[in-house]
Structure formats: C-alpha cells, structure tokens
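Numbers restart at 1 for each chain; the letters A, B, ... are given by sequence-line order, proteins then strands.
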Number of protein chains: 2
Amino acid sequence: MTDRTTLADVAAAAGVSVSTASLAFSGAGPISAATKERVLAAATELGYAGPSALGRSLRSGRSGIVGVVIGDQLRRSFRDPVSVQVLDGMAGSLGPRGLGVLLVPATGEEGYTDDLLVSTAPMDAAVLLFGARRESPIFDALRSRGIPVVLGEGPHDLGVPVVGVADRRGTELLAQHLVELGHRRVAVVTLPLGGARRCAPVDDRRLAEIDCPPAEHRLDGLRDAGLDPVVTVEASASLVEAGAEAGRLLLDVAEPPTAVLTHSDLLAAGVLIAARELGLRVPQDVSVAGFDGLDLPWLAPDVLTSVSQPFAAKGAAIADAVMAILAGETPKDVELPVELRLGTTTAPPRA
Amino acid sequence: MTDRTTLADVAAAAGVSVSTASLAFSGAGPISAATKERVLAAATELGYAGPSALGRSLRSGRSGIVGVVIGDQLRRSFRDPVSVQVLDGMAGSLGPRGLGVLLVPATGEEGYTDDLLVSTAPMDAAVLLFGARRESPIFDALRSRGIPVVLGEGPHDLGVPVVGVADRRGTELLAQHLVELGHRRVAVVTLPLGGARRCAPVDDRRLAEIDCPPAEHRLDGLRDAGLDPVVTVEASASLVEAGAEAGRLLLDVAEPPTAVLTHSDLLAAGVLIAARELGLRVPQDVSVAGFDGLDLPWLAPDVLTSVSQPFAAKGAAIADAVMAILAGETPKDVELPVELRLGTTTAPPRA
DNA sequence: GCGGATCCTCGAATCGATTCGACCAGCGCC
DNA sequence: GGCGCTGGTCGAATCGATTCGAGGATCCGC
C-alpha cells in the first residue's frame, strides 16, 4: 500500500479546504449538505476510512484509551473469573462510549524496574483492578504521568475513586445464615492479606497488618454477625488449588469446624474438594460457603451457598467513574449491593 | 493540575532547544553527557514524565497498540480459560517490546451496525482470536482501515497469517490412544461449527458447511487414526454446560458409546458431569477425553486425558507474527506442537 | 596560525487532524 | 438602497514530539 490517504487528500479531491473536510466528518460546525456529500463521496472514492485516531488524539489531548494495569497478582487473577468478568463488563461499557481498554502488564511489586508500558502507553486514565496495594511503584509512575486512577477494590484513603461491593454486609448476611443454622464452630478462609503469599493460619499480628480491603471488610462482617471464627486461614491466592490446600489444613484435624466460610467461590470449591478427599460429606458433615456468586457448573449437582456480587455492574461502575473523571468531575466511591444466595452446601451442623 | 508540562517547557528550563531536549530522551543522536544531564535534571525538576506517547505516535505513525477484537463469540469465550491464557501470553510477550494490547469489543456478526472502536481506535495491527469467520464485517472494516490482521486460529486462505496448533495430529494421537485401548464405539463432541449455535447431532450436510478450522482439523485427525465415530454432536459453545448438554444427548441412550472424544476440556468436563448424573462411572463405564490441556483442579481426583496445547507459546507466536508484520515482513503461518497427556478418564471399555 | 574534520546544537519542517477567527456572499429589513 | 446578520468556507495556528540538514564551536594536525 502507498501512504495512507489523509484528510488533506480527500479535501483536495473534493475541491474543498482541509478544514471544511474535517467539518464534514466531525459535524461540529455549519456545513451545507451538498458540500458534505461531496466530501464523503470523495472519501469513499479514495478509500479513506475516516479521520485517523492519532491526529485527533494529538489535537484533543485524549487517546480514548483506558489502561488496565495487570500486576503480578493480577496476572495471576487472570485465572480468576471474577476479574475477567469485571474486565468484560468494563470493556462492554466503555466501548460504546468510544473508549478502549488497554491491557498494561506490569512487573510485580518486587522486581519493579521500569515497565515500558506503564510509563509510555497512551492512556487517559488507568484502572487498577483488585490487588491495589498501598505503596506501589505502579501507582507512583501513573501519578507522575498525571494519569488519573480508578480502583476496582482497594483502600479508600489514596485519594482516588474506589468501586467496590458491600463486602462487609454480604459477609454479615452469610455469617447470620450460618449462625441461624446452628453453627458455632466456624472456620474462615481469607483472600491473600497482602505481603508475601502463604497458606497459613492467621494470628493477631497478621490480622493487624492486612493490606487487602475486601478481606478486611469481609472479616469485619463476621464480627457484625457476632461470629467469632474458631480458626482463620489465609489462602495463597483466590484459586481452587489454594482453597483445597487451606481446606486440608482446616479439616484434617481431630475436631474440624462444622462450617467453613471462605472469601471467594473458588476457595470454597477448593475446600469442597478437600472435604471430599477427606471423606467428609457436604453439607452433612461440614457446611461450606463462598463469596462472589460465580456460576460453577462443574460443582453440579452441588450449588454453592454464596454472596453474589454484580460483575457486569461493577465493570460498568468503574467505567462510569472513569468517564466522570475524564469529564473533570470527582466521582464518589461506589459500593455495589450484594445478595445472599443459598445453595446446597450449607445445612445445620450434625447433632 | 495545570497544563501538562511538555518537552518545550523542559527545553526552555534547561536552556536548550526542543530538538536537543528530544535527543536527550530518545538518545537517537549525538549529545554531550553534560547537556543530557541538564535536560534530565530540568525534567525531574518540572515533573516531566518523559515524552508523551501521543506526539511520538503522530510523528512515527505508530501507536504501539495491538487491538484484540472481541466479537460476540469471543466475549463468550472470555469465559473460556483458553482464550484468556493466550491473551495473557500475548500481553506478556508484547508488553516488553513496547506494545500494548487493546481490547476491542465488537458487536456480533449479525447485529453489526458500526462498531465505534473497530473503526476508530488507534491500532497498528489487530488480532482476531478464535472464531474468525470467513465473511466478517469486522474483517472488512479493519481491512479498509489498512490495519494488518493476525489470526489466532482461523482459515488459512484469507491472506493473513494464522497461528494455530497441530489440531489434526493431536486428535489423531488421542484417537489412536482410544483405539489401542480397544474402543470401537466412540462418540465425538465438537466445537461450534459456525453459523447458528446449536446442540445437536451433526449430519453430512452440516459437516460440509463447517466454518471453524480447528473443529474441521480435529475431525480430520480422527479419520487419520482410522476412527469413524458412531455419532457426532455439535456443542453450542466451549463451556461446561454445553458439554453437559451434549453429554446427556450422547449417553442417555440405550447403547451409549464406550468413549467420548471432545474438542475441548471444558466440553469434556461437561460430559463427565453428565455421565455422573446418569450414574455412569468414568472411565469404567465410559472413557472421556478432551483437548487443550487445561489445568482443571476441580475435577480432582480425576485428571482429564487430553491433548495439551501451549497457551503462552501461542500468545507469544501471535505476538511474533504481529512484530513481523509491523517490521514489514510477511510472517508464515505457524502450527504449534501439541502433546498427548494421559489422565485417569480413559481406560479399556468394559467387557 | 590556518584548513579541515568532528562533535554538538539548533531551526524548521512534518505527522494528521481540529478549531477559532476572518471573510464573503446573500438576504431580510427598514 | 444601505446596513447588519448569518450561513458556509477557508487560512492559519495548534497539539507534542521527531528528524534532517545546516551551522557553529572546538580541536587536531600540519
């Protein structure tokens, strides 16, 4: 192909000035129908596919691109349907408004040297989906570039809008449900609490250094329901394997809990598997509950008792926040409602 | 914040010309260490975070962005770990080379009106991941914009590079394995074959109109192994639910096949579930095999017999093809090797 | 001490489009 | 018939950076 045809070519072909040709496409100005048609015809003739995004961007200072930064933990969470569905919701909501979602891989927190894309990719705004830690070089890099940031879950004290769900209330509902069923010895499996990843019981010191808002709020919710877990285990990731590992830790003991409340459906599925391995029946021997409301057909015929959060709506809310920021507003933090969804994995404790 | 500081500001502050300042950043020209340092110092002083991507793009004509078009079927396949992992591989491979991956949602084939992003988003190249149909308005739109395209799976006769895996050989290996075990009555569950989605037996007419290269090649592989399926069912999507639906169709009959060979692990998982529902033991009563080599921990203790394809490598190969195209070369089609992975879900037929 | 080579630095053009102000003609109104 | 308005076009500046050729200073060798 020769050089791309430009607006100037079209204008020349149509016998009008470049500015007039521009008007014909943008429609942002007075232009006679006849002229417009002539320009458009010339464009078709020349195979001109509309104004180049680049030129437009430069002029407007906007690239029409929203970056989603994928850090190490997020790359991991690419395996988590939750992030993927939220991402899908974002893309679906941003797309029709002319904004594209750019995947920006970033090195982990540790080995951070200099992420090419974080520091060079064109972005009007950036979204950190989950796993936004308080002190992140990524955050700094974005800040220094003057790129506004929106958080999908994260700390509320960073001065950037946060979109989250009613973690606390949701867990409270779940805990209440278990209490009403008669459970007293309840174990908890949490999301990674921040810092080094591990699968281990959580002690008070660890509790004090939590740097993962959702996990924190979900733990608070338990207390709201007056539930004091007999043991709390931190999972190394929100994955089935990690749940199974935590499950073994919890259930392979002399006096296992009568119910396990987990911070995600994937973790719950893992616990379910661990229980099965250990010959425990669910829910007769042990009840299991999750969080997220994922559709897990492979658990059939079981259906997880869980708290469902609106993925698509979350993506849309993040998109709204981004739009608001770009419009110069200062969007408020959003907390989306959740819903208790009873399944077949919870029942009254045995005897 | 005031106006973004520009290279001109930095140059002024450092007391040099804009061009010299540019040199200090790009390093593409002779510049004295002293000057360079002065410019960089001024930049730090002013909080200038490097040359704006926009200006650079305009000049170079490159945006540094690779679009991944997500059509209807692809949006669906966001639920499929295969696509997600390939996407992850792409992003990981493109990122360090300074290219970002832009998610470009597109309307389905049918209701195609005018996808804002497909026609306006800046892209140096576009990737259609799976589900590239022969006649797609998306394809045309891209072509008319002069954007080179790379296919992740797809027809080889479109004049664009295709990256795929050894579907045919892989299926042949799998079929051989089943034959060697003694299976003669083997059923097949295929990927959606193109056109309207349905869950139904496939007849010759349907076979003739397949518009889904991977499915086609995988069917060819069967024949290579001398295996003639007793019945072939087309799934409505590569999802567990769809597999279960197809599984019921196949297994809930008087004389069920002794083995079911599916076109994806998710489908195989669905068949497994259907078998379980029907009281059939796997692999004693029926063998089940998949394709993809997904890690499905929730199938534990079962491990699917499958053909594993290299997801990350596939993403990387697509990235390579994109780089090659951008370098002005004409990359060859790539066929990545696959590997037979024996699990616990296949065994000799009963009696 | 002077010519020539080297090394830096600078000015200006360029990429593709938007946009503001100027300009012109035609028209209505008094 | 003149004045003022307005709809439609056009010129030129602008966005932020890159790049090439020109020019100036320095330094070397003779």
Self-check item: E329(A), CD: over 12 other non-hydrogen atoms inside 6.0 angstrom
Solution: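 Result for CD/E329(A): enclosed.
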Self-check item: Base versus backbone protein contacts along nucleotides 15-22 of chain D [heavy-atom cut-off under 4.0 Å; B, S, -]
Solution: BBSBB---
Atom [atom1] of [X] and atom [atom2] of [Y]: how far apart are they, to the nearest 0.5 Å?
X: L142(B); Y: L128(B); atom1: CG; atom2: CG; answer: 6.5 Å
X: F25(B); Y: T20(B); atom1: CZ; atom2: OG1; answer: 12.5 Å
X: D124(B); Y: L102(B); atom1: CG; atom2: CG; answer: 11.0 Å
X: D80(A); Y: Q85(A); atom1: CG; atom2: CD; answer: 9.0 Å

Self-check item: Side chain to side chain, S22(B) and L7(B), heavy atoms closer than 4.5 Å
Solution: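 Side-chain contact under 4.5 Å: yes.
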Self-check item: From V165(A), V163(A), V86(A), I318(A), residue fulfilling side chain to side chain contact (heavy atoms under 4.5 Å, CB included) relative to E153(A)
Solution: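 Among V165(A), V163(A), V86(A), I318(A), the one meeting side chain to side chain contact (heavy atoms under 4.5 Å, CB included) with E153(A) is V165(A).
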Quiz item: Got a salt bridge between D140(A) and R145(A), using NZ or NE/NH1/NH2 to carboxylate O under 4.0 Å?
Solution: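 No, this pair does not count.
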Quiz prompt | Nearest-Å distance for atom pair CD/P, residues E37(B) and dT9(C) | solution =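 In whole Å, dT9(C) P and E37(B) CD are 13 Å from each other.
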Quiz item: Axis-to-axis angle across the helix from dG1(C)-dC30(D) to dC30(C)-dG1(D), five pairs an end, to 10 degrees?
Solution: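 Computed from the C1' atoms at both ends, the axes differ by 50°.
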